[in-house]
Amino acid sequence: MLRPTDFLLQECKNVRSLLRNTLRYTYSSESSVDIYRECLARLDLIDIGFHTLRVNDTDELQELWVQLSRLSVLTGRVERSHIEEFSWPFARSLKELATSVCSGADSGEPPLFLFSADDELSSYEVETEQNAPGLLQRPLFSINFPRSLKPFVLLHAILGHEIGHAAFAIPKLSARLRKEVIDVLVAESPLADLGNFEKWVYRTRSKLSIEFMVEKAHISWPEELYCDLFGMVTMGPSYLGANCSLLLPFDMRTVSSSHPPGLTRYWMTDSAAKCLKWSDAMNSPPLVKQAATKYFGTLSAIAQKVPRAFQLLQPKQIRAAVGNLQRILQPMGKTLFAMPPQAEIKRMVERLLAARPPVESVVSKALHVSNVHVDFRSILLAGWLAWHSDRRNEEKLDFASVNMLCERAVLLQSAVDYWETNKHRRSKSRARAK
Amino acid sequence: MLIAESTRRSRLSVLYGILAQSALSQFDANPPKTRRSAYFQNLITLLEMYRYETLRQPSHRAVLDRRETTKREFQQENMEAEVVERALKAAHNAVYATMSKEQMVEHLKGLFLQITQKDFNLAAKDIRHAKLFLETFAKALRN
C-alpha cells in the first residue's frame with residue numbers, strides 16, 4: 001500500500017507528465033506558452049505543499065488533492081483545446097474584449113484566457129476561478145463554448161453575460177459595480193429587501209424549483225441581471241437575439257435560486273435596449289430600417305406580453321444602471337459596443353443577403369490590403385439584421401449559413417488586423433535582410 | 001463515484017491556511033532566490049477581497065445552466081467565506097488595531113510587494129508584525 005503523501009506525490013508526477021504532453025500542441029496560439037507556464041507554476045506550488053505537510057495534516061492534504069485534481073482537469077482542457085472545437089476567430093476577438101475589461105480593472109498581472117468546448121448545449125460559460133486567490137500565479141479564466149454550436153457566432157454573443165461575471169470577480173471593480181450598477185438597478189424594487197423579495201416570489205405564484213432558496217436568489221439575481229446589462233453594452237444588439245434565442249426553450253416562469261425567471265430578463269433587456277436607443281439609430285436606409293424594426297419589434301412583442309408581476313425593476317433604475325455601467329467601462333479600451341455608421345451596416349447586410357461574408361478586403365499585387373476595419377460586434381449585428389431582412393431568400397440563406405458567413409468575416413477581419421499590426425515589424429525585418 | 005462529492009470541493013479556510021503558512025516560510029527562504037512571489041501575490045488579492053467586501057460573493061452558474069445549488073452547498077460556501085472573513089478580522093484587530101481596513105491593506109500590500117523582491121530591506125518591526133498577522137490569520141482559520 002502507498003502512504004497518502006507518496007500516492008499524492010505520485011499523482012503530482014502524473015499530472016506533470018500530462019502537462020508535458022500538452023507541449024506537443026499549440027493551443028490558443030498567442031497564449032500557449034503563458035498557459036503552460038501557469039499550469040507548471042501551480043503544479044510546483046502544490047508539489048511544495050505535499051512535501052511540507054505531514055501525514056496527519058489530513059484537511060490540508062485533502063485540499064491539495066482537490067487543487068491537483070482541478071489542475072488535472074485544466075490540463076485536459078488545455079490539451080483538448082488544440083482541436084479547436086470552437087470558433088477560434090470569435091474566441092480571439094472575445095479575448096481582446098475580456099482582456100481590456102479584466103486588465104484595465106486591476107493593477108496585478110493580467111489574467112489568462114483559455115478557450116475550450118464542452119458537449120452540453122448549456123456550456124456557454126466563463127469559469128472565473130472564484131475561489132482565487134489560491135495556489136496560482138495568474139488568474140485563468142476558462143471560456144467554454146458548446147461544441148455543437150461551433151460556427152454559430154450570432155449565438156456566441158451570449159458570452160458577453162459571462163464576461164460580466166469575470167469582471168465581477170475582480171475585487172476592486174466588483175465593489176464599484178455593486179455600488180454603482182447593481183444597487184442602483186434593484187433600488188425601489190422587491191429585490192432591494194429580502195423580506196419584500198420573499199413576498200414577491202410567492203405572490204407571482206411561479207413554479208419554484210425544488211431546491212429554491214430565497215436567500216440565494218436574493219444574492220444571485222441582481223448579479224445575473226447586471227450581467228445581462230453587461231452583455232448588452234459590450235456585445236451590442238446581438239446580445240438580445242442570442243439571449244432570447246437561447247432562453248426561449250426554457251420555461252420562462254420558473255423561479256430558480258441561480259437565475260431570475262426568463263420573463264423578467266426578457267422584459268429588462270427590452271427596457272434597456274430602449275434606453276440605449278438602438279432601434280432609433282437604425283432608421284435608414286430602408287434595408288436596415290426594415291430589418292431593425294423586425295428584429296427589435298419581435299423582441300418587444302414578447303416583452304410586452306410579460307405579466308406585470310414579472311416586471312421586477314423600475315424602468316428609471318434600469319436607465320440609471322445602464323448609464324453608470326457605460327461610464328465604468330468607457331475608459332477600458334474598446335469594451336463598449338459602438339454603433340457602426342448606417343451605410344456600413346447596409347453594405348454588410350447586402351453582402352450577406354448575396355451569400356457573401358459581410359467584410360471584404362482587396363489585396364493588390366504589391367500586397368497592399370484595403371480593408372475598412374469592422375469590429376466583430378458590428379459583424380454580428382449585420383448577421384442578425386440579414387436574418388430578419390424581408391429580402392433574405394429563406395431557402396438559400398438559412399441560419400447556419402448566415403452564421404458561417406459571419407464567422408468567415410470575423411476571421412478575415414482578425415487576419416487583416418494582424419497583418420496591419422505587424423506591418424511595421426515586417427518592413428523592418430525586410431530592411432534588415434536587404 | 002468513489003469519493004463523496006463534498007470532499008471534492010475546495011475549502012477556502014484550509015486553502016488560505018496553506019497559503020498563509022507557505023508565505024510565512026518564505027520570510028526565511030534561503031537562498032532568497034528560492035522565494036516564491038506567488039504566495040504574496042495571492043495574499044494581496046485576498047486582502048483586496050477583504051477590503052472591498054467581496055469574500056462572501058457566492059459562486060454562480062453558467063448563463064444557461066439550470067442546475068440548482070443545493071442548500072448544503074450554499075451553506076457550506078457561506079460558512080467558509082465567513083470563517084475566512086472572521087480570521088482576517090481577528091488578525092487585523094490583533095496586529096493592526098489602530099489602522100483602518102484600507103490603511104492595513106495598503107500597508108501590507110506594500111510590505112508583501114517588497115518581500116517579493118530579491119533583496120528586501122524592511123524594518124524588523126514591520127517584518128515581525130507581518131509575520132504575526134499571518135500567524136494569527138492561520139490560527140484563526142483553524143479554530
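Note that this is a predicted model, so its numbers are computed, not measured. Order of the sequence lines fixes the chain letters, A, B, ..., with proteins taken first and strands second; residue numbering starts at 1 for each chain.
- Contact annotation for Arg42(A): neither backbone nor side-chain heavy atoms come within less than 4.5 Å of a heavy atom of chain B.
- Between Phe197(A) and Trp221(A), the two ring planes are perpendicular [angle over 60°; tilted spans 30° to 60°].
- Comparing Glu215(A), Glu224(A), His161(A) by how many heavy-atom pairs each has under 4.5 Å with chain B, the most go to His161(A).
- Using cut-offs of 30° and 60° for the angle between ring planes, the Phe230(A) and Tyr226(A) rings count as perpendicular.
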Go through the steps for His156(A) and Tyr124(A) under the test ring pair (Phe, Tyr, Trp, His ring centres under 6.0 Å), then give the verdict.
CA-CA 8 Å; His156(A) 295 346; Tyr124(A) 280 118; 5.6 Å; yes
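- Using a 4.5 Å cut-off on side-chain heavy atoms (C-beta onward), Met232(A) and Thr269(A) make contact.
- Heavy-atom distances place no part of Tyr50(B) under 4.5 Å from chain A, backbone and side chain included.
- Residue Leu246(A) touches chain B through both its backbone and its side chain, counting heavy-atom pairs closer than 4.5 Å.
- Using a 4.0 Å cut-off between charged side-chain N and carboxylate O, Arg11(B) and Glu80(B) make a salt bridge.
- Ile48(A) touches chain B through its side chain: at least one heavy atom from C-beta onward sits under 4.5 Å away, while N, CA, C and O do not.
- At a cut-off of 3.5 Å, with distance as the only test, a side-chain donor of Tyr239(A) or Asp228(A) sits close to an acceptor on the other residue.
- Heavy-atom pairs under 4.5 Å with chain A peak, among Asn78(B), Leu46(B), Leu55(B), at Leu46(B).
- Counting heavy-atom pairs closer than 4.5 Å to chain B, the top residue among Thr52(A), Asn243(A), Asp59(A) is Asp59(A).
- Ser22(B) does not touch chain A: none of its heavy atoms, backbone or side chain, sits under 4.5 Å away.
- Both the backbone and the side chain of Glu60(A) come within contact range of chain B, with heavy atoms under 4.5 Å apart.
- Interface residue Asp44(A): only side-chain heavy atoms are found under 4.5 Å from chain B.
- Chosen from Gln137(A), Glu125(A), Arg176(A), Lys216(A), the residue pairing most often with chain B at heavy-atom distances under 4.5 Å is Lys216(A).
- For Gln67(A), the part lying near chain B is the side chain, with the backbone staying farther off; criterion is any non-hydrogen pair under 4.5 Å.
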Run the salt bridge (charged side-chain N to carboxylate O under 4.0 Å, His left out) check on Glu106(B) and Arg51(B) step by step: do they pass?
CA-CA 10 Å; Glu106(B) 278 305 314; Arg51(B) 174 193 198 164; 2.9 Å; yes
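- Using cut-offs of 30° and 60° on the angle between ring planes, the pair Phe115(A) and Phe86(A) is tilted.
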